[in-house]
Engineer: 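One structure, as structure tokens, below. Some questions next.
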Amino acid sequence: MTFDALEIPIKSSRTYNHMGDGIVVVIRCSEATAIAVWDGQDHVVVNLFRFQQDRKLSDAFLGHYLKLTGPAWRKELRDDMPRGIN
């Protein structure tokens, strides 16, 4: 698990696999929430939400995730969205 490798304790995790061929995994920890959606074939979307806007954890998470998945998977798109202010 990527959070374990980054030494971030996981508060809770849920896996939903009763919908079609895919799976949804939701992980909450003190520093972030991650949601991974796999369509059951060849498409994965990973959403990493953080209140802190520094990129260090996000970059480390992405790097470790890609290392775990091996050469069969690659990053197609990365959207960093600032929370903004009013």
Engineer: A side-chain contact here means heavy atoms from C-beta on lying under 4.5 Å apart; do Leu57 and Glu31 qualify?
Structural biologist: yes
Engineer: Looking at Val37, Thr15, Val44, which one forms a side chain to side chain contact (heavy atoms under 4.5 Å, CB included) with Ile23?
Structural biologist: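 The single option meeting the side chain to side chain contact (heavy atoms under 4.5 Å, CB included) with Ile23 is Thr15.
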Engineer: Quick check: does any side chain N or O of Asp59 sit under 3.5 Å from a backbone N or O of Leu62, one acting as donor and the other as acceptor?
Structural biologist: no
Engineer: Fit a plane to each ring of Phe49 and Phe51, take the angle between them on a 0 to 90° scale, and name the class: parallel (under 30°), tilted (30 to 60°) or perpendicular (over 60°).
Structural biologist: perpendicular
Engineer: Rounded to the nearest 0.5 Å, how far does CG of Asp80 lie from CZ of Arg55?
Structural biologist: 4.5 Å
Engineer: Can you see whether Arg28 engages Thr33 through a side-chain donor-acceptor pair at a distance of less than 3.5 angstrom?
Structural biologist: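 No - no donor-acceptor pair under 3.5 Å links their side chains.
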Engineer: Rounded to the nearest 0.5 Å, how far apart are SG of Cys29 and CD1 of Ile10?
Structural biologist: 7.0 Å
Engineer: Within the supplied structure, the quantity of interest is the number of heavy atoms (other residues, nucleotides, ligands) at a distance under 6.0 Å from Arg78 CZ; does it exceed 12?
Structural biologist: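 It does: Arg78 CZ has more than 12 such atoms within range.
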Engineer: Quick one: CD1 on Ile27 to CD1 on Ile35, what's the gap to the nearest 0.5 Å?
Structural biologist: 10.0 Å
Engineer: Identify the two heavy atoms, one from Asp21 and one from Trp38, that lie closest to each other, and give their separation to 0.1 Å.
Structural biologist: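 Looks like O-CZ3, 4.4 Å.
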Engineer: Which pair of heavy atoms, one from Ala32 and one from Arg50, lies closest together, and at what distance?
Structural biologist: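 Distance-wise, the nearest heavy atoms are CB-CG, 3.7 Å.
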Engineer: Answer yes or no: is there a side-chain heavy-atom contact under 4.5 Å between Tyr16 and Val25?
Structural biologist: no
